[in-house]
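To start, the structure under review is shown below, and the notes come after it.
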Amino acid sequence: MIKAILRGMVIGIANIIPGVSGGTMAVAMGIYDKIIHAATHLFSEFKKSMKVLLPILIGAALAVVLVARVIEFAFEKAPIQTNLLFIGLILGSLPMMAQKVKKKKPQLSHILSFAIFFVVVILFALLGEEEERAAHLSVDLIGYLKLFGVGVVAAATMVIPGVSGSMMLMLMGYYNPVLKTINSFISHLTQADFAGMWADCGILIPFGLGVVVGIVAIAKIIEKIFEKFPLQAYWAIIGLIIASPVAIVLLNDFSGINFMTIATGIVMLIAGILISRKLGGE
């Protein structure tokens, strides 16, 4: 249970950070297919699915409430080391993924799957550098429908390994407004300010409903892909995983490197790989 909650926290943290994919973290820890199966069989296998999903959701929620501010501080004070930690977390999954495909000789369709999804992640990173705007959040029917739609799109991308849901929010201009609303809700909760919490819920509830719908919808599609084209799917994920560190480098400023940042960065990179390997598998 504790291990599952820790996995959920890693996924939750990854979904907060633009450029880092929660889906990739789930792959890195060897639980991606279990989450997809649980999401698509939530009603037909309710108890079994909740046993998988509940600790992940608890961990993700704890990450948003407890760890998001710490991660924000870490990125502000030690961006290179923090990015290398996440690169290590991602790279730590490669041996496990290689095991999925090593017994089969790569075919043209496998190579194309790898190449296409590698390029997709890089393009997302390049587009992400242009994000400047912030969406206006309005509490009316049109605003609710927009937030629901944004939640659907963001959640769908959160589920896909290698594609950052928070990056998609940035491209749509909703990342900062939604993050500020979450922080506002947490502040109002700690102050027992129910009026403030209710006001924040006017934004978070339609967005959250969209997230749920998006996850379930895309999970069903992904499950079908894994059933019919498993090797192509695994090669696509390998492309996404290899591209993700490149995307992180493109999205961040790695200037000002000195001996100390290199030394501590290498330590964090190794730590990320070890954590990924430890949290992976059963």
Side-chain angles (χ1 to χ4, degrees), residues 10-11 14-15 17-37 39-40 83-84 86-130 153-168 171 214-215 217-252 254 269-270 272-273 275-277 279-281:
V10 171
I11 293 170
N15 276 325
I17 301 167
V20 182
S21 167
T24 299
M25 292 295 101
V27 170
M29 294 179 289
I31 57 172
Y32 182 74
D33 54 344
K34 292 181 181 179
I35 293 174
I36 293 297
H37 181 86
T40 55
N83 277 298
L84 284 172
F86 276 92
I87 288 173
L89 286 168
I90 294 166
L91 293 179
S93 68
L94 275 176
M96 180 189 66
M97 293 307 302
Q99 292 291 325
K100 302 282 189 181
V101 299
K102 74 172 187 177
K103 294 182 180 180
K104 300 288 185 179
K105 184 178 179 181
Q107 305 294 323
L108 178 60
S109 61
H110 304 157
I111 296 169
L112 286 174
S113 297
F114 173 92
I116 290 169
F117 283 87
F118 181 93
V119 171
V120 165
V121 175
I122 302 303
L123 287 176
F124 267 108
L126 294 173
L127 288 170
E129 292 182 331
E130 300 175 2
V153 173
T157 53
M158 286 175 191
V159 174
I160 301 171
V163 182
S164 169
S166 51
M167 175 59 63
M168 182 59 66
L171 293 175
I215 289 174
I218 198 68
K220 288 184 180 296
I221 295 171
I222 290 172
E223 185 179 45
K224 292 296 182 184
I225 291 171
F226 270 93
E227 285 178 2
K228 295 183 179 297
F229 310 103
L231 286 174
Q232 288 85 347
Y234 284 125
W235 275 106
I237 289 175
I238 291 171
L240 294 167
I241 291 171
I242 294 175
S244 292
V246 180
I248 291 173
V249 171
L250 290 173
L251 285 164
N252 291 275
F254 280 81
L269 177 69
I270 295 171
I273 293 172
I275 292 169
S276 179
R277 302 291 290 165
L279 292 177

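Note that the structure is a prediction, hence the values are computed from the model and not measured. Residues take their numbers from the sequence shown, with the count starting at 1.
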H110 and Q107, any side-chain heavy atoms less than 4.5 Å apart: yes
Is there side-chain contact between I238 and W235, with heavy atoms separated by less than 4.5 Å? yes
Report yes if the side chains of I270 and I273 come closer than 4.5 Å at any heavy-atom pair, otherwise no. no
When every non-hydrogen atom of A233 is compared with those of I225, the smallest separation belongs to CB-CG2, 4.1 Å
F114, F226, F117 screened by side-chain contact (heavy atoms from CB on, under 4.5 Å) with I237, the one that passes: F226
Closest non-hydrogen atoms of Q232 and S109, given as atom of the first, atom of the second and distance, are NE2-OG, 3.1 Å
Here the pair of heavy atoms bringing A219 nearest to I36 is O-CG2, 3.5 Å
Pairwise distance CG(L91) to CG(L269) - rounded to 0.5 angstrom: 6.5 Å
Between I122 and A243, what is the shortest heavy-atom contact and its length? CD1-O, 3.8 Å
Out of curiosity, I35 CD1 to I215 CD1, how far, rounded to the nearest 0.5 Å? 9.5 Å
